[in-house]
Amino acid sequence: MTPQQQALGIIRGEHQTLSAVIDALKHVADDMALRKLTPDYKLLWSIIYYIEEFPETLHQPKEDMVLFPRIRRRSKDIDDTLDDLSRQHADSRPHLDNLKTVLGRMEADIPGALQEFAAKVSTYAAIHYKHMSQEESVVLPKACEVLTPQDWEGIAASFAENNDPMLDKAATNSEWFRQFFRRIVTLVPEPWGVGARR
Ligand SMILES: [Fe+2]
Ligand SMILES: [Fe+2]
């Protein structure tokens with residue numbers, strides 16, 4: 001595998017994992033709003049934790065600190081898009097704070113909170129999908145066009161550091177997040193995960 005394939009594989013793989021978790025949240029939230037599913041707060045808080053911490057700890061630093069600056073060095077063509085995407089990285093926390101507020105209302109059985117949560121999850125998911133699709137349809141192709149083999153070597157080496165399971169700084173390495181992802185999958189009810197429906 002070339003360093004380029006390795007680096008692209010890591011970014012796309014992280015997009016898929018994040019999307020799978022956000023998809024699961026969307027399905028669960030919709031069914032809860034329709035009263036087809038009893039809220040499982042351990043699952044819901046776990047998902048919120050994952051989609052808040054995983055991008056900030058592992059994914060966005062790869063983009064903001066490694067990939068985007070190297071593209072900027074080689075080309076000015078997509079500077080505006082890169083500015084937008086970095087701004088969206090910075091803006092994602094307030095959206096999640098909003099979700100947490102409504103999740104708290106759900107736990108308190110406030111009328112309408114289930115429906116409000118489902119609507120907010122749907123908005124959050126749409127923003128996330130648009131962000132990722134811009135990265136995959138604009139940024140990655142531009143990276144393939146302008147980056148040199150040496151650039152890709154540097155990028156792959158720096159991504160691999162992130163993936164080192166020996167870097168055991170509690171909740172800050174990719175192996176820890178992989179295990180946390182598996183825990184979420186065991187809690188998400190069928191048919192989206194392998195958990196029991198309640
Ligand atoms: Fe991003
Ligand atoms: Fe991304």
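In listed order, ligands and their atoms are each counted from 1.
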Check: F180 ring centre within less than 6.0 Å of W176 ring centre: yes
Fill in: Salt-bridge contact D23-K26 (side-chain N to carboxylate O under 4.0 Å)
no
- Item | Heavy-atom side-chain contact between Q60 and F68 under 4.5 Å | no
Margin query: What I want to find out is whether E175 reaches R182 closely enough, with some N-O distance under 4.0 Å, to be called a salt bridge.
Written below: yes
Residue pairs meeting side-chain hydrogen bond (donor to acceptor under 3.5 Å, both in side chains), one or both in residues 145-155, sequence neighbours left out, come to R74-D151, K142-E145, T148-D151
* Does any N or O in the side chain of T101 come within less than 3.5 Å of the main-chain N or O of D97, such that one atom is a donor and the other an acceptor? -> yes
Sorted by chain and number, protein N/O/S atoms nearer to the Fe ion (ligand 2) than 2.8 Å are H15 NE2, H59 NE2, E63 OE2, E135 OE1
